[in-house]
J.: 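What follows is a structure written as structure tokens; I'll ask about it next.
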Number of protein chains: 2
Amino acid sequence: MNAERDKLDHAREEFVAQWGALGTQWGINRTMAQIHALLMTAAEPMSTDEVMEALEVSRGNAHTNLKELVAWGLVRPVVRKGERRDYFEAEKDVWHIFTTVARERKRREIEPALAVLAKCAEESREIHTPEGRAFHEQMRQLEEFVGFASKMADRIAGMKHGFAVQLATKLLG
Amino acid sequence: MNAERDKLDHAREEFVAQWGALGTQWGINRTMAQIHALLMTAAEPMSTDEVMEALEVSRGNAHTNLKELVAWGLVRPVVRKGERRDYFEAEKDVWHIFTTVARERKRREIEPALAVLAKCAEESREIHTPEGRAFHEQMRQLEEFVGFASKMADRIAGMKHGFAVQLATKLLG
DNA sequence: TTGTATTTTCAGTATTTTCTGAAAGCAGAT
DNA sequence: ATCTGCTTTCAGAAAATACTGAAAATACAA
């Protein structure tokens with residue numbers, strides 16, 4: 001029965017392609033998203049060459065994006081005994097994926113924003129014109145809110161899956 | 001005392017520049033982020049020409065990004081009596097900004113992902129090989145999680161500011 | 001109408017990002 | 001030492017994205 005295998009391959013290819021397209025919208029490199037999709041649905045760890053072949057991309061491209069995924073913590077290198085080449089496997093647990101992405105995005109997106117806002121709030125503290133006060137107040141509010149969001153992200157990313165579900169269920173109920 | 005005015009202008013220019021740079025990291029067009037920063041810190045609504053001059057960009061660019069901000073719901077056009085040209089002002093309330101962005105990102109990023117996952121889960125439902133089952137299960141889990149996130153986003157975006165703060169405080173406490 | 005102020009669109013250009021192909025690097029085997 | 005198999009880097013090509021400048025459309029006024 002090879003029809004089953006064909007159906008699976010087809011579904012998987014579609015998932016990879018679509019996830020890549022989504023990645024683009026998310027501001028993520030398309031190849032990176034595709035590799036992630038590929039590895040998330042791989043039964044076994046894959047080598048760089050297997051990834052290259054599956055996605056029809058160059059070695060350089062595959063390599064760069066595999067490294068990037070490893071840097072994000074979404075993929076880990078696996079060494080197979082007696083084998084020289086590197087294999088890679090993706091984290092498959094959705095909660096784990098989510099917290100990893102949340103932590104990384106917080107670090108890359110929220111923290112720099114917070115720094116900017118704190119600086120601008122500070123710089124405008126002593127301006128006593130009405131416009132100056134309004135500006136300062138706006139910066140302060142933004143800083144407060146983003147700081148708040150930052151702490152929330154930490155809390156949520158630090159939760160165990162079960163606890164998060166419990167909390168969220170209460171929230172949705 | 002013109003030093004105050006200078007300090008304010010300087011602080012504001014820095015905010016605009018930095019917010020633009022952050023926008024880039026967030027996957028948002030730099031000019032769009034700059035206009036947003038400019039309008040968030042404007043005492044009065046601004047015209048397209050004022051924006052053009054303040055940021056030294058072309059009319060086409062200013063126009064496109066103002067429209068985009070209006071489409072996002074972060075900026076609204078203002079008509080001034082007896083004036084023909086359009087003015088624009090930004091929403092300044094941080095909670096309102098947050099819920100607007102959350103709703104928009106959910107629509108643009110989460111919903112399409114959910115559609116893809118639902119389709120892939122459905123397509124793989126009847127594949128009874130071990131790999132097929134694993135694939136289906138992975139799609140199912142992703143779908144469940146993203147659907148969950150979607151509902152959460154709705155809830156939070158629908159909250160009144162006060163309620164959200166109350167909830168979050170409990171969470172952080 | 002006709003004129004004037006303003007907005008909108010768009011073809012072409014510039015910039016940024018991503019990808020390739022090939023060379024260089026590295027480690028174990030011979 | 002040299003080879004062999006694999007990884008890493010990188011300069012330039014290709015693709016995607018953003019911006020400009022100017023023309024076309026629209027709206028209002030005389």
Side-chain angles (χ1 to χ4, degrees), chain A residues 16-39 44-72 75-89 108-109, chain B residues 16-17 19-39 44-72 74-89 108-109:
Chain A
V16 169
Q18 300 267 32
W19 202 248
L22 285 171
T24 304
Q25 291 188 302
W26 280 67
I28 285 165
N29 179 301
R30 200 179 78 245
T31 306
M32 183 171 152
Q34 284 179 327
I35 296 178
H36 186 223
L38 192 69
L39 292 178
E44 297 291 327
M46 295 176 76
S47 68
T48 304
D49 291 74
E50 285 166 342
V51 170
M52 285 169 62
E53 194 189 332
L55 302 181
E56 300 184 39
V57 296
S58 71
R59 181 173 303 284
N61 194 6
H63 177 260
T64 304
N65 287 296
L66 279 166
K67 267 194 81 178
E68 189 69 6
L69 282 165
V70 171
W72 271 72
V75 163
R76 49 183 165 271
V78 181
V79 279
R80 284 182 162 177
K81 58 185 174 181
E83 282 248 35
R84 205 147 133 199
R85 86 178 79 179
D86 272 359
Y87 284 78
F88 300 91
E89 74 181 356
R108 297 181 188 210
E109 297 175 2
Chain B
V16 169
W19 201 248
L22 285 172
T24 304
Q25 290 190 304
W26 280 68
I28 285 165
N29 179 299
R30 200 178 78 246
T31 306
M32 181 171 155
Q34 284 180 328
I35 296 178
H36 185 223
L38 192 69
L39 291 178
E44 297 291 327
M46 297 177 75
S47 68
T48 303
D49 291 73
E50 286 166 342
V51 170
M52 284 168 63
E53 194 188 333
L55 301 181
E56 301 183 42
V57 297
S58 71
R59 180 173 304 283
N61 195 5
H63 178 262
T64 304
N65 287 296
L66 278 166
K67 267 194 81 176
E68 188 69 6
L69 282 164
V70 170
W72 270 70
L74 292 169
V75 164
R76 48 181 166 271
V78 181
V79 277
R80 283 182 165 175
K81 56 184 176 184
E83 282 248 36
R84 199 145 135 202
R85 85 177 80 180
D86 270 0
Y87 285 78
F88 299 90
E89 76 182 356
R108 296 182 189 212
E109 298 175 0

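Values in this document were obtained by computation on a predicted structure and should not be read as measured data.
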J.: Under the side chain to side chain contact (heavy atoms under 4.5 Å, CB included) rule, collect the residues that match up with B/Glu53, sequence neighbours excluded.
T.: none
J.: Under 3.5 Å, side-chain donor or acceptor atoms of residues 59-66 of chain A against the rest of the protein: list the pairs with distances, not counting sequence neighbours.
T.:
| unit_1 | atom_1 | unit_2 | atom_2 | d |
| --- | --- | --- | --- | --- |
| A/Arg59 | NH2 | A/Asp49 | OD2 | 3.0 |
| A/Asn61 | OD1 | A/Asn65 | ND2 | 2.6 |
| A/Asn61 | ND2 | A/Thr31 | OG1 | 3.3 |
| A/Thr64 | OG1 | A/Gly60 | O | 2.7 |
| A/Asn65 | ND2 | A/Asn61 | O | 3.0 |

J.: Using the side chain to side chain contact (heavy atoms under 4.5 Å, CB included) criterion, which residues pair with A/Glu56? Sequence neighbours excluded.
T.: none
J.: Is there a side-chain contact between B/Phe88 and B/Pro45 in this structure, where contact means two heavy atoms from C-beta onward sitting under 4.5 Å apart?
T.: no
J.: For the pair made of CE in A/Met52 and P in D/dT7, what is the distance, rounded to whole Å?
T.: 10 Å
J.: Hey, where on DNA chain C does chain B first and last touch, going 5' to 3'? Cut-off is any atom under 4.0 Å from a heavy atom.
T.: C/dT4 to C/dT9
J.: As a quick check of understanding, evaluate side-chain contact (heavy atoms from CB on, under 4.5 Å) for B/Leu38 and B/Met46, giving each step before the final call.
T.: CA-CA 9 Å; B/Leu38 192 69; B/Met46 297 177 75; 3.7 Å; yes
J.: Answer yes or no: is there a donor N or O on one side and an acceptor on the other, between the side chain of B/Glu50 and the main chain of B/Ser47, under 3.5 Å?
T.: yes
J.: Can you tell if the side chain of A/Glu68 reaches within under 4.5 Å of the side chain of A/Asn29, non-hydrogen atoms only?
T.: no
J.: Would you give a per-nucleotide map of nucleotides 10-30 of chain D, 5' to 3', where B means the base has a protein non-hydrogen atom under 4.0 Å away, S means only the sugar-phosphate does, and - means neither?
T.: --------SSBB-----BB--
J.: Could you list the residues that satisfy side chain to side chain contact (heavy atoms under 4.5 Å, CB included) with B/Ile28, not counting sequence neighbours?
T.: B/Trp26, B/Met32, B/Ala33
J.: Just N and O in the side chain of A/Lys67: are any of them under 4.0 Å from OP1 or OP2 of D/dT7?
T.: no
